[in-house]
Amino acid sequence: MEINELKQIVEALLIATPEPLTETRFKACMGRAEPVLPLDEIIEELQAEYSASDRAFFIKEVAGGYQLVTKAEYEIFVKGLFSKSGKLRLSQAALETLAIVSYRQPVTRNDIEAIRGVSSDSSLRTLLDRKLLEIRGRDDGPGRALLYRTSIEFLQYFGLNSVKDLPKLREVEDILSEDQGELV
Amino acid sequence: MEINELKQIVEALLIATPEPLTETRFKACMGRAEPVLPLDEIIEELQAEYSASDRAFFIKEVAGGYQLVTKAEYEIFVKGLFSKSGKLRLSQAALETLAIVSYRQPVTRNDIEAIRGVSSDSSLRTLLDRKLLEIRGRDDGPGRALLYRTSIEFLQYFGLNSVKDLPKLREVEDILSEDQGELV
Amino acid sequence: MMIKPHRIDLEMFEGPLDLLLFLIKRDELNIYDIPVAQITKDFLEYVNLAKELKLHSAGDFVLMAATLMKIKARMLLPIEADGDEEIEDPRTELMNMLLEYKRYKEAAGAFSNLERVERPHYYHIPGAWDPQQEDKTAILEDIKLYDIMLTFRYLLKNYEEPVTHSVAIEEVTMSEQVGFLNGLLQAKTSLKFSSLLEQFESRLIVVVTFLAILEMLRGRQIKVKQTKLFDDLLLSRGAEFGN
C-alpha cells in the first residue's frame with residue numbers, strides 16, 4: 001500500500017476515533033491490508049503535511065496514541081463552544097450525583113454519599129458551578145446540613161415542568177423488562 | 001478579518017465541536033471579532049479546499065449545523081474502531097417506531113402502540129439506548145404519560161438537516177388509489 | 001388458500017396489522033371490502049402458531065383475533081334501516097388502522113434507505129476527554145433524562161436496600177391462569193381486561209394470561225367483547241363456561 005493511501009486512511013481514523021489512535025488499534029483497522037508502515041511513520045508524514053498547509057489542528061501524542069487537537073492559538077475561539085454548550089457533558093461521578101439529587105431531593109451530602117459509597121464533594125461543586133443544582137435551606141437534623149435540589153436550569157434542559165414529571169422508576173422498568181415475555 | 005484567518009478558525013471549531021457547528025454558535029465563538037462572514041460562505045471555501053487537497057473527510061450539513069465526517073470509501077477501515085454494536089442497523093420494529101415518533105412528536109408509548117398494533121417497549125428501549133429518541137416531559141392527559149421525541153443524534157444518524165427534511169409520509173388517499181390500481 | 005404458516009413466516013411480521021396487510025396483499029384482497037370471514041380464518045391459523053411458539057407479541061395477536069371475530073359477528077347481523085341514521089360498516093375502523101399503519105411502515109422503509117446511505121460516514125467526535133485537562137475521568141457526552149433515570153436505577157440496585165430487591169421468579173402456567181379466570185368469572189359475570197392486568201406484577205404473567213384467554217375463547221368457555229379497536233376487552237362467561 002502506498003504512503004499516500006496510508007496517510008488518507010490514518011486521517012480518516014483520526015477524524016472518526018473517539019479515543020486516541022494506538023498502533024494496536026490501527027493494525028486492527030487495517031486487517032489484512034499489506035504492506036503497512038508503522039503508525040508513527042505515517043503520523044510523521046501527515047503531521048508534516050498539516051504543518052505545511054497551515055491547518056488549524058495538529059496530531060498530538062497522548063495516552064499512548066494519537067489524536068487531532070486544535071492549535072493553542074485558537075483556544076480563545078474554541079472555548080466559546082463549551083460555554084453554555086447545547087449538550088450536557090458530565091463525568092460519571094457527576095452524573096451519579098445528579099441522578100441521586102434528582103430523585104431524592106432535597107438531600108444532604110451525607111445522603112448522596114451513603115448511596116454512592118464515595119465522597120461526592122467535587123461532583124457537587126461541578127453541578128453547582130453548572131447551575132444544575134442549587135442549595136436551598138438546611139436539614140432539621142442535628143448537623144443542620146445543607147440541602148441540595150435541582151435548579152430551574154435543570155428542568156429547562158430536560159424539558160420538564162417540575163421535578164414531579166421525572167420518569168418514575170416503574171416507567172423505566174416497563175421499558176427495560178421487555179425480554180420477560182420470551183421466557184414463557 | 002481575512003477569509004484565510006476565518007477559514008482556520010472555523011476549521012479549529014469543527015475539530016473541537018462535540019455537536020454540529022451552527023451559525024449561532026459560531027457567532028458566539030467569534031465574540032466581538034469583526035468583520036465576520038456568514039458561516040456558510042466560510043464553510044464553502046473550506047469545503048473546496050478539502051476537496052482539492054484530497055482530504056479523507058468533508059464537511060456535512062446536518063442537524064442545522066456543520067460537522068466533519070469521513071468519506072464513505074474509508075468505511076472498511078474506520079469501522080474497526082468501533083465494537084459491532086456501535087453501528088448495528090436498526091430492526092424493522094425500531095424503524096417503524098422511529099418513523100411514528102418522528103412524524104407525530106411528541107408522542108406517548110400508547111400513541112405508538114395504537115398505530116403499530118403491537119407492544120413497542122423493546123424498540124423504545126433500543127432507541128433510547130442509542131440516543132435516537134429522548135424522553136421529553138409528560139402528556140397533559142389524565143395518564144400523564146411520558147412523551148417521546150427525536151434527538152439531534154436522530155438527525156445525525158439519518159443525515160438530516162432538520163425534521164422538515166424527513167422522507168415524505170404518504171397520504172392515506174395515495175395508498176388507497178395505488179392499491180385500487182393494482183387490483184384493476 | 002390453505003398454506004400452512006411456518007415459524008419463519010410469523011417472525012417476519014411486526015405485529016397483527018403487519019400480518020393482516022400481508023394476507024390482504026397475498027390474496028389480492030380489496031382493503032375497502034375485506035372478506036372478514038376468510039381473513040379471520042387465515043389470521044387465526046397464524047395466531048395459533050404464535051401461541052405454540054410462545055411468541056413475545058402473542059397477546060397482541062390475540063387481541064386482534066378477538067377484534068376480527070367481533071367484526072365478523074357484526075357483519076352477520078341483519079342491517080336494520082333505523083331511521084336516517086347512517087350505518088357504519090363494521091370494518092371501517094380496521095381499514096383505517098391498516099392504512100395508517102401502512103403509511104408508517106412505508107416511512108420505515110425510507111428511513112432504512114437513509115440509514116444505508118449514511119452508514120459509511122463517521123462523524124468526527126473530539127476526544128471524549130480533553131488532553132489539556134488534567135482530570136482523566138471520562139466525560140459523558142450529551143446526557144439525557146434517560147441516562148439520569150438509568151443511573152439512579154443502577155445506584156439503587158447496587159448500594160441500597162439489597163434485601164428488598166430479591167425478587168423471586170414466579171412460576172405460572174397456562175392451566176393455572178385458566179383456573180384463575182374461571183374462578184373470577186364464577187364470582188362476577190364480567191370483568192375488564194385492564195383490571196386483570198393491574199394485579200399482575202410481571203409481564204410474564206400477563207402474557208400467560210393472554211394465552212389462557214385465547215385458549216378459553218377457542219373452547220367457548222368465555223366471550224370477549226371490545227367496543228373499539230384497541231379498547232379494553234370485556235370478558236364474560238361463554239356457552240361452555242365451566243366445562
Side-chain angles (χ1 to χ4, degrees), chain B residues 14-19 57 60 62 67-75 78-79 81-82 87 89-90 92-93 95-100 102-103 113-119 122 128-129 131 134-136 151-153 156-160 166-172 175-176 179-180 182-183, chain C residues 12-20 24-25 28-32 56-57 59-61 63-64 95-128 130 139 141-142 144-147 149-150 203 229-230:
Chain B
L14 287 172
I15 286 290
T17 187
E19 58 196 314
F57 57 87
K60 187 171 175 74
V62 71
Q67 213 167 357
L68 298 179
V69 296
T70 58
K71 286 187 185 160
E73 58 213 87
Y74 302 103
E75 183 196 11
V78 173
K79 69 181 181 190
L81 292 169
F82 301 90
K87 269 229 165 179
R89 295 195 67 169
L90 294 169
Q92 177 66 22
L95 286 166
E96 284 180 10
T97 304
L98 203 54
I100 293 167
S102 63
Y103 293 104
E113 294 181 351
I115 293 179
R116 294 193 60 224
V118 71
S119 154
S122 92
L128 285 168
D129 281 342
K131 293 191 190 289
E134 55 190 35
I135 298 169
R136 204 71 188 178
S151 62
I152 288 196
E153 286 84 349
Q156 290 176 315
Y157 188 78
F158 291 104
L160 300 168
L166 291 175
K168 202 173 172 304
L169 189 62
R170 274 217 296 167
E171 293 304 321
V172 167
I175 296 177
L176 268 179
D179 286 2
Q180 296 304 307
E182 273 172 24
L183 287 176
Chain C
M12 260 167 46
F13 301 114
E14 290 304 330
L17 292 169
D18 202 17
L19 171 54
L20 284 175
I24 288 169
K25 195 174 164 70
E28 297 177 2
L29 305 178
N30 185 347
I31 206 162
Y32 266 136
H56 177 47
S57 54
D60 298 309
F61 283 91
L63 264 168
M64 179 57 78
M95 182 187 81
N96 288 336
M97 291 278 334
L98 284 168
L99 288 170
E100 187 71 355
Y101 171 68
K102 195 172 180 201
R103 293 171 80 198
Y104 289 100
K105 185 175 150 72
E106 284 183 356
F111 277 115
S112 178
N113 287 337
L114 278 180
E115 185 186 37
R116 208 180 49 240
V117 173
E118 290 302 318
R119 194 177 155 74
H121 299 289
Y122 288 77
Y123 286 99
H124 168 58
I125 315 153
D130 183 349
I139 298 295
E141 285 284 346
D142 192 22
K144 310 234 189 247
L145 207 47
Y146 183 62
D147 300 308
M149 211 162 69
L150 289 186
R203 295 178 55 84
L229 211 50
F230 300 107

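To find a chain, count down the sequence lines: A is the first, B the second, and so on, and within it residues start at 1. Predicted, not measured: the structure shown is a model, and the values here were computed from it.
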Could you tell me which of [options] has the largest number of non-hydrogen atom pairs under 4.5 Å with chain C?
| options | result |
| --- | --- |
| B:Leu128, B:Leu68, B:Ile135 | B:Leu128 |
| B:Ser151, B:Ala99, B:Ser102 | B:Ala99 |
| B:Leu166, B:Leu98, B:Leu14, B:Ile100 | B:Ile100 |

### Task
Output, in order, the C-alpha distance, side-chain angles, deciding distance and verdict of side chain to side chain contact (heavy atoms under 4.5 Å, CB included) for B:Gln67 and C:Tyr123.
CA-CA 7 Å; B:Gln67 213 167 357; C:Tyr123 286 99; 3.5 Å; yes
Are [X] and [Y] side-chain neighbours, meaning at least one heavy-atom pair lies under 4.5 Å?
| X | Y | answer |
| --- | --- | --- |
| C:Leu114 | B:Pro167 | yes |
| C:His124 | B:Ile15 | yes |
| C:Glu115 | B:Tyr157 | yes |
| C:Ser112 | B:Arg89 | yes |

### Task
Heavy-atom distances under 4.5 Å only: say whether C:Met149 touches chain B with side chain, backbone, both or neither.
side chain
### Query
Should C:Arg103 and B:Glu171 be marked as a side chain to side chain contact (heavy atoms under 4.5 Å, CB included) after you check the CA-CA gap, both sets of side-chain angles, and the distance that decides it?
CA-CA 7 Å; C:Arg103 293 171 80 198; B:Glu171 293 304 321; 4.0 Å; yes
Under 4.5 Å from a heavy atom of chain C, the part of [X] involved:
| X | value |
| --- | --- |
| B:Thr97 | neither |
| B:Ala16 | backbone |
| B:Leu160 | side chain |
| B:Tyr74 | neither |

### Message
Set out, in order, the CA-CA distance, both residues' side-chain angles and the distance that settles side chain to side chain contact (heavy atoms under 4.5 Å, CB included) for B:Glu96 and C:Tyr101, then state yes or no.
### Response
CA-CA 9 Å; B:Glu96 284 180 10; C:Tyr101 171 68; 2.6 Å; yes
Smallest separation among heavy atoms of [X] and [Y], with atom names:
| X | Y | answer |
| --- | --- | --- |
| B:Ser119 | C:Asp60 | N-OD2, 3.0 Å |
| B:Ala93 | C:Glu14 | CB-OE1, 3.1 Å |
| C:Phe111 | B:Tyr103 | CE1-CE1, 4.0 Å |
| B:Lys131 | C:Asp147 | NZ-OD2, 2.8 Å |
| B:Val118 | C:Pro16 | CB-CD, 4.3 Å |

### Summary
To the nearest 0.5 Å, atom CD1 of C:Ile125 lies from atom CD of B:Glu19 at 13.0 Å
### Summary
With sequence neighbours left out, the residues meeting side chain to side chain donor-acceptor pair (under 3.5 Å) with C:Tyr146 are B:Asp129
### Message
Between C:Lys105 and B:Gln92, is the side chain to side chain contact (heavy atoms under 4.5 Å, CB included) condition met? List the steps.
### Response
CA-CA 9 Å; C:Lys105 185 175 150 72; B:Gln92 177 66 22; 4.1 Å; yes
### Task
For the pair C:Arg119 (side chain) and B:Ala72 (backbone), establish whether a donor and an acceptor sit closer than 3.5 Å, ignoring hydrogens and angles.
no
### CA sep, side-chain torsions, deciding dist, call: C:Tyr122, B:Phe57, ring-ring contact (aromatic ring centres under 6.0 Å, His included)
CA-CA 9 Å; C:Tyr122 288 77; B:Phe57 57 87; over 10 Å; no
### Query
Does a side-chain N-to-carboxylate-O contact under 4.0 Å join B:Glu153 and C:Lys144?
yes
### Query
With a 4.0 Å cut-off, would you call B:Lys168 and C:Glu106 a salt bridge?
no
